[in-house]
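Data block below; observations after.
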Amino acid sequence: GNSVTQMEGPVTLSEEAFLTINCTYTATGYPSLFWYVQYPGEGLQLLLKATKADDKGSNKGFEATYRKETTSFHLEKGSVQVSDSAVYFCALGPGGATNKLIFGTGTLLAVQP
Amino acid sequence: DVKVTQSSRYLVKRTGEKVFLECVQDMDHENMFWYRQDPGLGLRLIYFSYDVKMKEKGDIPEGYSVSREKKERFSLILESASTNQTSMYLCASSLFSGGTTSTDTQYFGPGTRLTVL
């Protein structure tokens, strides 16, 4: 069945360091891929998405490219800030009118000043 | 902006109690979802609804039921709460895409942290 695997955390970085959070998926068809972010004490909010192969989603300095050949959607940011500390979830949209999503287990990012 | 609200941020209940979690969205979305979030397990779908009075089971529906009498409101019901239902519960909504690909964003509420003693 469809599934998402993302790297376990926590990931601890110093401010201005480069960030990569790995996400790979297993799916049939042509799913959409998402990154959601959950700041402390809040619900999830969409960070970026890509709807087809080779698409690059980007927002707030974060980027992820939909790579069909490696079934991956890794999240990157060139220079993290303390305010980026949060839990990041990779998600797979397997399709269908009901917009169901399959989420990864989440990766906690802690950025230290 | 889409707003999804949940009735409580924190809730403490006793084993065996009937628990209602309410979710309201203000953007006329057709789809609504209930998830639970547990450390190391990510988000797991409990139930979802794609229209008023329509519901479908998600991945972990056991011990839960739902109600959707109005388009904007989706309720999660724990008929007899148990300690293993202690968790963070997240509600979400999205537009009905009408197609074969899932491209529409799910909008989440702030969550209800439920503790069952």
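Computed over heavy atoms, backbone and side chain alike; hydrogens, waters and symmetry mates excluded.
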(request) Report yes or no: do B/V66 and B/L43 belong to one cluster of Ile/Leu/Val/Met/Phe/Trp/Tyr joined by side chain heavy-atom distances under 4.5 Å? (result) no

(request) Return yes when atom CD of A/E69 has more than 12 non-hydrogen atoms of other residues, nucleotides or ligands closer than 6.0 Å, and no otherwise. (result) yes

(message) Is there a path of hydrophobic side-chain contacts, each under 4.5 Å between heavy atoms of I/L/V/M/F/W/Y residues, joining B/F74 to B/Y50?
(response) no

(request) To the nearest 0.5 angstrom, please state how far the CG atom of B/L45 sits from the CD1 atom of A/I102. (result) 9.5 Å

(message) Hydrophobic clusters here meaning ILVMFWY residues chained together by side-chain heavy-atom distances under 4.5 Å, can you tell me if B/Y47 and B/Y89 are in one?
(response) yes

(message) Using a 4.5 angstrom heavy-atom cutoff, name the option from B/R9, B/E30, B/Q6 with the most pairs to chain A.
(response) B/R9

(message) Measuring only between side-chain heavy atoms, which start at C-beta, is B/T105 closer than 4.5 Å to A/Y36?
(response) yes

(message) Check this for me: A/E15, atom CD, are more than 12 non-hydrogen atoms of other residues, nucleotides or ligands nearer than 6.0 Å?
(response) yes

(message) Quick check on A/Q38 against chain B: is it the side chain, the backbone, both or neither that has a heavy atom closer than 4.5 Å?
(response) side chain

(request) Ignoring hydrogens and angles, tell me if any N or O in the side chain of B/R44 forms a donor-acceptor pair with the backbone of A/F103 under 3.5 Å. (result) no

(message) With chain B as the partner, which of A/T105, A/V87, A/L108 has the greatest number of non-hydrogen pairs under 4.5 Å?
(response) A/T105

(message) Do A/L44 and B/L90 have side chains that approach each other closer than 4.5 Å (heavy atoms only, starting at C-beta)?
(response) yes

(request) Treating Ile, Leu, Val, Met, Phe, Trp and Tyr as nodes and any side-chain heavy-atom pair under 4.5 angstrom as an edge, say whether B/M32 and B/V4 lie in one connected cluster. (result) no

